[in-house]
Protein chains: 2
Amino acid sequence: MDNGLLLQVYEHPLLSREEIGTICALHKKVYFRKGDFVLKEGLVADEYLILEEGLARSFVYDYNGNDITTNFFAQNEIIIEVSSLFQRIPSKENIQVLTDCICWKIDFDDFQNIYHSIAGFSEWGRAWMSQSLFESKQRAISMITDSAMKRYHKLLEEKPLVIQNAPLKHIASYLGITDSSLSRIRKATART
Amino acid sequence: MDNGLLLQVYEHPLLSREEIGTICALHKKVYFRKGDFVLKEGLVADEYLILEEGLARSFVYDYNGNDITTNFFAQNEIIIEVSSLFQRIPSKENIQVLTDCICWKIDFDDFQNIYHSIAGFSEWGRAWMSQSLFESKQRAISMITDSAMKRYHKLLEEKPLVIQNAPLKHIASYLGITDSSLSRIRKATART
DNA sequence: AAGTAAACTTGACCTATGGCAAGAAATGGA
DNA sequence: TCCATTTCTTGCCATAGGTCAAGTTTACTT
């Protein structure tokens with residue numbers, strides 16, 4: 001049940017090999033087909049996933065009904081809607097896989113048990129969350145200080161697989177620009 | 001040592017009145033004068049504050065050396081740099097008070113002790129963090145879907161005291177616009 | 001293999017916001 | 001109370017990116 005991927009994700013100075021084994025043992029393998037929803041707006045999440053293979057994105061609808069991609073998930077990353085899972089409230093976001101995916105799922109109840117019985121695990125969780133918060137803030141800062149082109153190039157560096165596999169409109173909405181603008185940015189980039 | 005403000009901040013379904021008392025007892029009152037720094041870029045935070053009276057902001061410098069306000073803290077809110085405090089790494093942000101402030105401080109070591117000994121406290125912490133993450137994401141979405149004017153009006157509703165007390169340039173950089181633009185937005189708003 | 005829908009590109013024009021610079025108003029010492 | 005800074009406003013012009021609409025190209029479906 002445990003495999004290299006999970007071991008890597010749960011690596012933490014305060015977690016022993018045995019504890020990591022216990023944590024990994026609570027995960028079950030699940031499969032998704034391109035286009036499947038992992039979570040729909042309005043529902044309460046009661047699990048999270050670790051993405052072994054494939055790509056996913058989260059998105060919301062704005063007042064005009066356009067969908068805005070809020071995040072991309074690549075291999076090794078945790079697919080989760082934190083607010084819904086931890087505050088036990090309906091999700092405001094949707095999560096959908098962009099390609100066929102292989103994931104490891106852990107249920108909230110199992111998570112809760114070890115969260116309180118393994119001290120290092122709540123440390124791990126806090127560290128993960130604090131990193132997420134940091135990245136989210138960085139994104140807001142990037143929206144303020146970087147041009148659309150720069151934001152595109154940063155994404156290209158951070159998540160090259162996304163650029164290769166996600167449709168342009170999802171990338172554009174994530175970057176906060178229109179499809180047309182992104183298409184022009186790409187054209188300009190190609191020339192260089 | 002405990003007072004209404006702290007009781008309110010630590011209110012949580014899994015925390016008993018006694019536990020909240022224990023938590024509150026670890027806080028010490030501290031004072032800041034307008035302009036004082038609570039945390040400077042490059043240092044590792046080892047405390048956080050609960051703001052009883054006054055206003056503060058966090059900010060970073062962009063590549064041109066302009067300061068970008070990343071957050072405002074109002075009464076009742078927790079002044080904290082999560083990444084630095086919980087990952088024990090140097091802060092990338094600065095935190096500075098905008099007015100004279102009265103705060104309640106708790107040291108990281110004390111926090112750590114009760115984080116692991118009071119189960120409800122780590123739940124409280126997780127809930128708080130998950131709410132912060134949600135707000136940070138909302139901010140990024142707002143940068144994408146809302147006009148500068150709308151962002152201003154939202155801030156005006158959410159933190160009216162900020163608008164009344166922070167200099168325009170801080171508000172402008174927080175909103176991701178220039179001083180001049182904000183000044184024009186205000187003018188337009190006043191007319192209506 | 002054909003047909004349809006989705007994804008992407010491109011052109012012409014438009015608009016919100018930026019950049020700069022000058023002046024007015026407010027604020028904070030000494 | 002006066003001077004020196006900040007802070008804020010405003011005008012003029014520049015520009016990144018938006019809007020709309022017409023093509024292409026690509027990718028599914030049967």
Side-chain angles (χ1 to χ4, degrees), chain A residues 33-36 55 57 59 62-69 72 96-100 140-156 161-192, chain B residues 33-36 55 57 59 62-69 72 96-100 140-156 161-192:
Chain A
R33 309 303 302 278
K34 178 174 181 171
D36 284 354
L55 266 187
R57 70 168 186 128
F59 67 99
D62 72 7
Y63 4 78
N64 303 314
N66 306 313
D67 86 61
I68 312 289
T69 294
F72 288 108
Q96 186 185 30
V97 304
L98 293 169
T99 63
D100 290 357
I141 295 173
S142 176
M143 294 301 305
I144 291 176
T145 60
D146 299 333
S147 67
M149 185 147 179
K150 183 143 190 195
R151 297 200 300 278
Y152 173 71
H153 287 298
K154 279 188 174 177
L155 180 61
L156 191 55
L161 289 177
V162 165
I163 274 62
Q164 288 159 36
N165 293 289
L168 177 141
K169 67 177 174 187
H170 295 162
I171 300 170
S173 74
Y174 177 77
L175 294 173
I177 58 180
T178 58
D179 306 16
S180 330
S181 290
L182 179 51
S183 183
R184 288 180 182 118
I185 287 171
R186 281 185 162 174
K187 188 185 178 187
T189 301
R191 262 198 278 97
T192 317
Chain B
R33 309 303 301 280
K34 177 175 182 171
D36 284 353
L55 266 187
R57 70 169 185 128
F59 66 99
D62 72 8
Y63 4 77
N64 303 314
N66 306 315
D67 85 61
I68 311 287
T69 295
F72 288 108
Q96 186 184 32
V97 304
L98 294 169
T99 62
D100 290 357
I141 295 173
S142 176
M143 295 299 306
I144 291 176
T145 60
D146 300 332
S147 67
M149 186 148 178
K150 183 143 189 193
R151 297 201 298 280
Y152 174 70
H153 286 297
K154 279 188 173 176
L155 180 62
L156 191 54
L161 288 176
V162 165
I163 274 63
Q164 287 159 36
N165 293 288
L168 177 141
K169 66 176 174 186
H170 294 162
I171 300 171
S173 74
Y174 177 78
L175 295 173
I177 58 180
T178 57
D179 306 16
S180 331
S181 291
L182 179 51
S183 182
R184 288 178 184 119
I185 287 171
R186 282 185 162 174
K187 189 184 178 188
T189 301
R191 264 200 276 95
T192 317

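Just so it is clear: chains get the letters A, B, ... in the order the sequence lines come, proteins before strands, and each one is counted from 1.
Applying the 4.0 Å criterion to OP1 and OP2 of D:dC28, one finds that A:Lys34 has a side-chain N or O inside that range. In this structure, A:Thr178 does not reach the D:dG17 phosphate: none of its side-chain N or O atoms is under 4.0 Å from OP1 or OP2. Considering only side-chain N and O atoms, B:Lys169 lies nowhere under 4.0 angstrom from the phosphate OP1 or OP2 of D:dC8.
For B:Arg57 and B:Tyr174, the side-chain atoms include no donor-acceptor pair closer than 3.5 Å. Under the 3.5 Å distance criterion, with hydrogens and angles disregarded, no donor-acceptor pair is assigned to the side chains of A:Ser180 and A:Ser183.
Each of B:Gly176 and A:His170 lies near DNA chain C, and the nucleotide nearest A:His170 is the one positioned closer to the 5' end. If you find the closest nucleotide of DNA chain C to B:Arg151 and to A:Pro167, the one lying nearer the 5' end belongs to A:Pro167.
When the P atom of D:dC8 is taken as reference, atom NZ of B:Lys187 falls 16 Å away, rounded to whole Å. Taking atom CG on A:Leu175 and atom P on D:dA16, their separation rounds to 17 Å, with Å as the unit. Atom CG of A:Asn165 is separated from atom P of D:dA27 by 12 Å (rounded to the nearest Å). Rounded to whole Å, atom P of D:dT9 lies 12 Å from atom CD1 of B:Ile185. Remark: P of D:dT10 and CG of B:Leu182 are 13 Å apart, rounded to the nearest angstrom. Taking atom CZ of B:Arg184 as the reference point, atom C1' of D:dC8 lies 12 Å away to the nearest angstrom. The distance from atom CG of A:Asn66 to atom C1' of D:dT19 is 13 Å, rounded to the nearest whole Å.
Among the protein residues, B:Ser183 comes within range of the nucleic acid bases, having at least one heavy atom under 4.0 Å from a base atom. Using a 4.0 Å heavy-atom cutoff across all strands shown, B:Gly35 reaches no nucleic acid atom at all. Using a 4.0 Å heavy-atom distance criterion, B:Ser147 is classed as a sugar-phosphate-only contact.
With sequence neighbours left out, A:Thr145 forms a side chain to side chain contact (heavy atoms under 4.5 Å, CB included) with A:Ile141, B:Asp62, B:Tyr63, B:Ile68.
No side-chain donor-acceptor contact under 3.5 Å links A:Thr69 to the backbone of A:Ile171.
Closest approach of A:Ser142 to A:Lys154, counting heavy atoms only: OG-NZ, 4.2 Å.
When the nucleotides D:dT9, D:dA21, D:dG17 are ranked by their closest atom to the side chain of A:Ile177, D:dG17 comes out on top.
By the 4.5 Å heavy-atom criterion applied to side chains, B:Leu55 and B:Phe72 are not counted as neighbours.
Chain A approaches DNA chain C over the interval C:dA7 to C:dA12, counting the first and last nucleotide 5' to 3' with an atom under 4.0 Å from its heavy atoms.
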### Message
Using the rule given for salt bridge (charged side-chain N to carboxylate O under 4.0 Å, His left out), can you reason through B:Asp100 versus B:Arg33, listing the C-alpha separation, both sets of side-chain angles and the distance that settles it, and then say yes or no?
### Response
CA-CA 4 Å; B:Asp100 290 357; B:Arg33 309 303 301 280; 3.7 Å; yes

